[in-house]
Protein chains: 4
Amino acid sequence: MRTGAEFIASLNDGRRVWVGDELIEDLATHPKTKGYVEAIAKFYDLHHDPEFQDRTTFVDEAGVRRSRVWFIPRTKEELRQRRAFYETMMREVGGTAFSRMPDSSNAVLLTYIDDPEPWETQSIGTEGRPLAQNIRDKWAFFADEDIYTSAMFIDPQTDRGGDGSGPSPALTIVGETDEGIIVNGVKPVGTSAAFAQWLHLGVFFRPGLPPDQVIFGVIPTNTPGVTIVSRESYVNDDAANHPMAAMGDELDSAAIIENVLIPWDCVFHVRNVEHAMLYPKRVFDWHQYYVLVRAAVRAELMVGLAMAMANSLGTYEIPEVKVRLAKFVEFQHILQAAVLAAEEHGFITPGGQFKPAPLRVDTGRAYFLEHYPAMIQELLDLCGRVALMYPSEGQWNDEKLRKWMEPTVTGAHGDGYDRIKMARVIHDLFLTEWGTRQQMFDNFQSTPLRMIRFLNMMRFYQTPTGDHIDFARQVCGIEKAETAIDAQPAYIRRIDRAAAPAGAAT
Amino acid sequence: MRTGAEFIASLNDGRRVWVGDELIEDLATHPKTKGYVEAIAKFYDLHHDPEFQDRTTFVDEAGVRRSRVWFIPRTKEELRQRRAFYETMMREVGGTAFSRMPDSSNAVLLTYIDDPEPWETQSIGTEGRPLAQNIRDKWAFFADEDIYTSAMFIDPQTDRGGDGSGPSPALTIVGETDEGIIVNGVKPVGTSAAFAQWLHLGVFFRPGLPPDQVIFGVIPTNTPGVTIVSRESYVNDDAANHPMAAMGDELDSAAIIENVLIPWDCVFHVRNVEHAMLYPKRVFDWHQYYVLVRAAVRAELMVGLAMAMANSLGTYEIPEVKVRLAKFVEFQHILQAAVLAAEEHGFITPGGQFKPAPLRVDTGRAYFLEHYPAMIQELLDLCGRVALMYPSEGQWNDEKLRKWMEPTVTGAHGDGYDRIKMARVIHDLFLTEWGTRQQMFDNFQSTPLRMIRFLNMMRFYQTPTGDHIDFARQVCGIEKAETAIDAQPAYIRRIDRAAAPAGAAT
Amino acid sequence: MRTGAEFIASLNDGRRVWVGDELIEDLATHPKTKGYVEAIAKFYDLHHDPEFQDRTTFVDEAGVRRSRVWFIPRTKEELRQRRAFYETMMREVGGTAFSRMPDSSNAVLLTYIDDPEPWETQSIGTEGRPLAQNIRDKWAFFADEDIYTSAMFIDPQTDRGGDGSGPSPALTIVGETDEGIIVNGVKPVGTSAAFAQWLHLGVFFRPGLPPDQVIFGVIPTNTPGVTIVSRESYVNDDAANHPMAAMGDELDSAAIIENVLIPWDCVFHVRNVEHAMLYPKRVFDWHQYYVLVRAAVRAELMVGLAMAMANSLGTYEIPEVKVRLAKFVEFQHILQAAVLAAEEHGFITPGGQFKPAPLRVDTGRAYFLEHYPAMIQELLDLCGRVALMYPSEGQWNDEKLRKWMEPTVTGAHGDGYDRIKMARVIHDLFLTEWGTRQQMFDNFQSTPLRMIRFLNMMRFYQTPTGDHIDFARQVCGIEKAETAIDAQPAYIRRIDRAAAPAGAAT
Amino acid sequence: MRTGAEFIASLNDGRRVWVGDELIEDLATHPKTKGYVEAIAKFYDLHHDPEFQDRTTFVDEAGVRRSRVWFIPRTKEELRQRRAFYETMMREVGGTAFSRMPDSSNAVLLTYIDDPEPWETQSIGTEGRPLAQNIRDKWAFFADEDIYTSAMFIDPQTDRGGDGSGPSPALTIVGETDEGIIVNGVKPVGTSAAFAQWLHLGVFFRPGLPPDQVIFGVIPTNTPGVTIVSRESYVNDDAANHPMAAMGDELDSAAIIENVLIPWDCVFHVRNVEHAMLYPKRVFDWHQYYVLVRAAVRAELMVGLAMAMANSLGTYEIPEVKVRLAKFVEFQHILQAAVLAAEEHGFITPGGQFKPAPLRVDTGRAYFLEHYPAMIQELLDLCGRVALMYPSEGQWNDEKLRKWMEPTVTGAHGDGYDRIKMARVIHDLFLTEWGTRQQMFDNFQSTPLRMIRFLNMMRFYQTPTGDHIDFARQVCGIEKAETAIDAQPAYIRRIDRAAAPAGAAT
């Protein structure tokens, strides 16, 4: 298993990374990037820490201890072990601030390894090439090397109202040789791509998508011809006043990929537009489960911040404030219940994975996206001005000022500096560029609310003729209507859901 | 086990029942009451129907087959059996239209039988009387006779802004003899009281509550001196046009109780105001679980109605409509997840019951109350005018009219009459007096939203010093604050929750 | 001017009216219809009542006193006089319960008379026929006779997801003679059509609308071949317990129109689909203003009900209740402000009318539709159980019961019977079939919320290149973008808005 | 009238200002403060610019041209002139980013000068001192010198749950001499206080407020013993990438006031707790009108940003996006309507001011606070990732990068750099520390939503016995209830509202 030091060393591999207006020489030392590098190093080191090793590692059938990143759950109990790994990392590294560490960013590979055949059989123009075996080989290689991959699927936001068929800077196959395919273009969104060792390229369906933009495969980040172009970093390196925002920024980047050859053994699938419509959504199923778990842990953090701040302000005893605090408890409970339900309704896939029920996962995510902004508002409203106005570290350390400022932050319970520490965390999480980026990112990463809902209804069993409306039929006294279900390929259904549990809407 | 016919016969016992402007001679035949009588008869008969007996009955340790009403779950699996019983009755009798059949109305007795001692030991002025044994005896008697009880706890809505201590028509102890206590006054709310065989009297704490209004016990409905006074019935007996609203009305009633003697063996507790503050809330814990299960089944009905209607209207294929339909799926999934979470976090009480976690139950109920009105609006908005305007049965049966009206209700899928059948159900459920009463009732029965939230925060483990904010403390780097927890009696805690599960906010 | 008695007499004209399962012999005496007949009679009589005549009538240029129904405002002050007429009728007849009395239902004719030419010039296949003059003549005739017309524009809700071109029972031109056009089909929605003397036929655009379904004109309700088919009546004729729901039901009806000849002088326009897209929306501009005014008056009623009930319950002094009551005040203030803004931004049309700004009107309507359901919930929640449970008139009049029930409804202020009177009004308005119908009707009559919003953005000046985004351009430092505006005909623009006021988003 | 240069010069007066961890030497040159200094200088210079002078200045009765800051509107037309002044400054200086420039911060003085007598007559322990004349003299002096004052009213957020009477660091009278009063303590919130020339001290009522903390008066900012302690500055001085956030930060500051003598001629009122309960709320009436106008202009900016971005993305033509854009139009229209209504319902105060109706103003503010967060979310959701991810200025200027990045930001309409410019503005306004501070500040400055609502109901005419519920009484058939109105002093009523307009809820 990789150590933090090994990870840091691996970054020095010649990759080209812009962050805002600067080309970064050394990610590990530049103030805008070093925080996140250290966070990932800590992530790797926790695999070697005896205190955490139970939760962060497992011993595979061959007796090799590996990161739980590479652990494939085959029972409900094992799924919960994978969740415990996620929760541990969220609690120990970044306090839910990071969303695409190796635990989550590599999770998308689980769908490939679950069911590699369709990637090969559906592929167009690659007859005879062992794409399914490529998938198996790369999984083994990534696991052996404990690699950090970053997924880049989204295409440029050019003319959303158009039919999607116009000229586009999107990554496109421009040639093909015995060595592999030659691709050219931009993948505009890859979170943590600047820090990952390999880029995982894919594509989401859009109407008008040209077959030559249907590309699934992997390349090393330092491949010549690849330039990572990130938005500016939102790190605030004043750690005393900004304990959270100083922790690092995972960076959202584009990748410019200029006439790069992807060797055949790195190619997983090309050119089937229908496959691109059906499969990539499912690729992210495992990732969405991670997203939901993170939402639940974030909610737990918010319960605590709200309660602790109310206690400090002395408002906790006010009945109306209690009523408002109860909403945080509900928010956390519902997200946790959604996790439980996804696990309870989990099923065994054809590849033998015990997979959380996708529709249950997405229900939880929709709930989170719908209510999260209001919960943030509520938390800030409960704080009142203290989320903005509190003595800075320098003011606090100036004895003459502290004498006056201390009573202004000392309340019913706890000392004044505790209130400042809470205020800093709340401020950084919700009121800084660093914090709002997380909220924005949660809103569009792996599908925004409307899209979640639309896609949920595209799952094949979610139709007006499905079993889940039997009760309504019984009450109304009507028969099944004769709507044609949009039949979906069996190879899709089997990773969506096992046979429907009797009598239950799933 | 009681049969439907036996139940109907039992009503003819001399009870005095007003419904609106009328004193009802015979509940079983009067058009305003017979529907509900028949529904309860069906409830009883389903215990004798082999198709349902697995779910509706059990065989007790003595080998006696009894209704699952009297089944005390002792494991998670048994709790789910109790749930299956609830769900079966909801699906088979009334389609979630009834909320206080014997399954739910008798459930409140479970808390007494779980832990009868405090009722006796906390009681004031009853030293030496075996109140705990009264509880055990009455439970046995009710189970043996398969009795239908109706709980009456709420006091009159006189001056809510006052301190609660003024003169009140509330039920009060006005005398005491060797036979029992003499009580006089009004219990203004009892749902199904007109139909139940026994009234279960209790009280909720309010500031200023006089000790002599703290009365817990049971009396037969036909006790001389008792008059049941119900609001008018909302039954619409035009069953052809109103299939749901014709099914019966459980009626919300007051009981006027004039100088009635409650014999000592029917008394469970009197006069301890603190007990009234702590315990009755817990009495309804089992009932609230039923309420949550009903909410989930109601949501399932709504998913189906929305989907089937969209299918009939031909709007199902419109992406924006899909996005809206997804909200119904989420609504149902979250309620179902709340049920699962309450069961998963269930615990063994001192009396050995496996009890669903109250805070989880109440979270689900709060979610339901907060979102239900908007879901109703959404359903009606998806229907558009068809929830109001559809041919009546008479119009449909008039050949000349039908020729013209049929095409106006025939849409993309299904025949026109199916749309009418759906419209009738939606109309009755949400747009009639009969239907809005259910919504209103759900809103205030066993505590409205604000009160749920307030009471949730009064559970002892829900404080700013609890374990559930440890994660926030860790992130902020602060210690536990020194807030005093409002210590609550151990006898309360043990029916609230077992020992906290490690590391989890419950 | 018509009297109430004259109106009642006029109903006896041979019209065929089904209400629910019955063919009604005499609207004026049938319990399901007489309430509304009496309400309209009162409407007419208020024109002859000296106390109200200032607000309900005007003297025209020829010295004739007419109903303000026929008053064409030419200044802002005159527009406010028209509003005062509306408000008077709402306050005196039905307390905002009726939405299509002659004041509002005839208002749609104002757009025709404002600008009759395009109806003629855009018409197809009617060259040489004086359609514009028909409009002028009919206006004069209706005003002279003080006629009550009812608009029927909507087409059947068959397959909303289809392209609208399939076979349809919608009203269609099936022949044409020298006398007029022959039409056949159903107009499925006309509120008050059963009571009006003339039906005003029109159509709304939908994709695929066939030209032969584009028909604008008028016919008497009693025309042979016309059958009015209404949903069942929601009148509750127990006036003691249901003071509001006993007042009458305006009924929503379909009209079956079987091979009816519409004489040429009753034809306003036919066959131009583009005209049907652009104009009918504008026909209802005047009606929407009425709808907005009614919303504001309804909001005023709700402020009062909420305040008075809180006062009776004694909750008014609770700070959190004050906070909730303030929302009713805001609701009413915003609606009233929307009325004021529509008047302030009003403009002179080509025909010289002073017309309230349509976009302002629709903004107010959207606000109402979005927030009304939540305000109803809030009102009911503030009432708690008293919206359901209160003594019936018969119970109150039974001395023995009253003795007990009176204290249960007597609160902090006012006597108990006052609380009952308020509860009845609230119950009838929001919890009966009669009351929910109003809410449903408001939701879809003259366009539901989404449609209001969509249509608002179709007003030509509401584009990304309009002046109303100049401030954003200035702040961003960007020029006008080159988006093509969907040019709309000048004859549309001129009834949408006069020249844009300088510097203001309108 | 002051010039910008004069303003800048005036800052060099020895004041002590901490900003975050630093004691600032020179506000005019320090990067964290110079932006805002320049903005105020621009504010002053616009008074001398002929293009704007009509809107920014007036000529008083003595023929002196003054800033409209000092203009007392005496008619509705003059009130609108004052509004035009506000709107001009918002549009020309900061694009609604600044909330306490001299136009708004001095507006609070209007209530004093309107009605100075009660300040003197209600004052305790100051008999014989001409406090009313002090008010008149200071108004004249401030107007002559064109002074920038900053109000500091709020007290420390210590134990909100307590009774307010405990020891507090709040500013307190600790002595009194012939020269004046000696005060000591902290005023924890003053926006722009670091930049203003005078501090305007006041206090808001809280239960338990000690009389010696009731202090109203003015002192120069550079008074020895005064230290201004500001939170850190949120300026981002990378103006190329952050055009908005680089414009300056008005800073929210505490003032430590150590044993400072306030000369008698600077004292307006002391020690009357009841006065502190009734009056300061009214002091801010004029300010709240400004706040509402700013909300309306901010909404206009948001309409434009949403429309222009949708146009760039090509989403404008999608019907569902149109529906969402319509919400921005409604948001702006309702706020503008609230401004109009406040003006329409304005009244003449005892001092002859034409004052906008406070309840109407506060209705508009409540609407803004309730809906603003959701509108921000909606705007960000319409942007999708582009609010976060767009090429930085340095990336854009790198020719090789631009070649690839340009197509990723080029959409349906307009060039790519325009989209970047819009994205920067949206990002800065809503996603930076600088931008979120504005939202937070709007939420608590001059009362948060709940407090607005509570205070609205404390206006004397807003009771269950007021005229505004007459319509409900009429419909229910009930008489006025006998609730006692909390009588409020006449001197309060007269600045709340003139005599109630007949028949209207105000």
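The sequence lines fix the lettering, A, B, ..., with proteins before strands; numbering per chain opens at 1.
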Problem - Aromatic ring proximity, centroids under 6.0 angstrom, H333(D) and H345(C) - result: no
Side chain, backbone, both or neither: which part of [X] has an atom under 4.5 Å from a heavy atom of chain D?
{"X": "M451(C)", "result": "neither"}
{"X": "V339(C)", "result": "neither"}
{"X": "M90(C)", "result": "backbone"}
{"X": "P319(C)", "result": "both"}

Practice task
Determine, for E344(D) against K76(D), whether the closest basic-nitrogen to carboxylate-oxygen distance falls under 4.0 angstrom.
Solution key: yes
Handout entry: Pairing of E370(C) and R453(C) as salt bridge, 4.0 angstrom limit
Key = yes
Completion exercise
Given L325(D), L340(D), V323(D), D362(D), the one with more heavy-atom pairs under 4.5 angstrom with chain C than any other is V323(D)
Problem - Criterion side chain to side chain contact (heavy atoms under 4.5 Å, CB included) against Y390(D), the qualifying member of R424(D), R419(D), M422(D), K421(D) - result: R424(D)
Completion exercise
Exactly one of N456(C), L292(C), L449(C) clears side chain to side chain contact (heavy atoms under 4.5 Å, CB included) with R365(C), and that residue is L292(C)
Pick whichever of [options] has the most heavy-atom pairs under 4.5 Å with chain D.
{"options": "K327(C), E320(C), R450(C)", "value": "K327(C)"}
{"options": "M309(C), Q474(C), M307(C)", "value": "M307(C)"}
{"options": "G364(C), A337(C), A342(C), A338(C)", "value": "A337(C)"}
{"options": "Y417(C), Y367(C), F331(C)", "value": "Y367(C)"}

Handout entry: Non-hydrogen side-chain atoms of L305(C) and C383(C) separated by less than 4.5 Å
Key = no
Practice task
Determine whether E87(C) and F471(D) make a side-chain contact, defined as any pair of heavy atoms from C-beta on separated by less than 4.5 Å.
Solution key: no
Fill in the blank from the handout: Turns out that what part of V425(D) lies under 4.5 Å from chain C's heavy atoms comes down to side chain
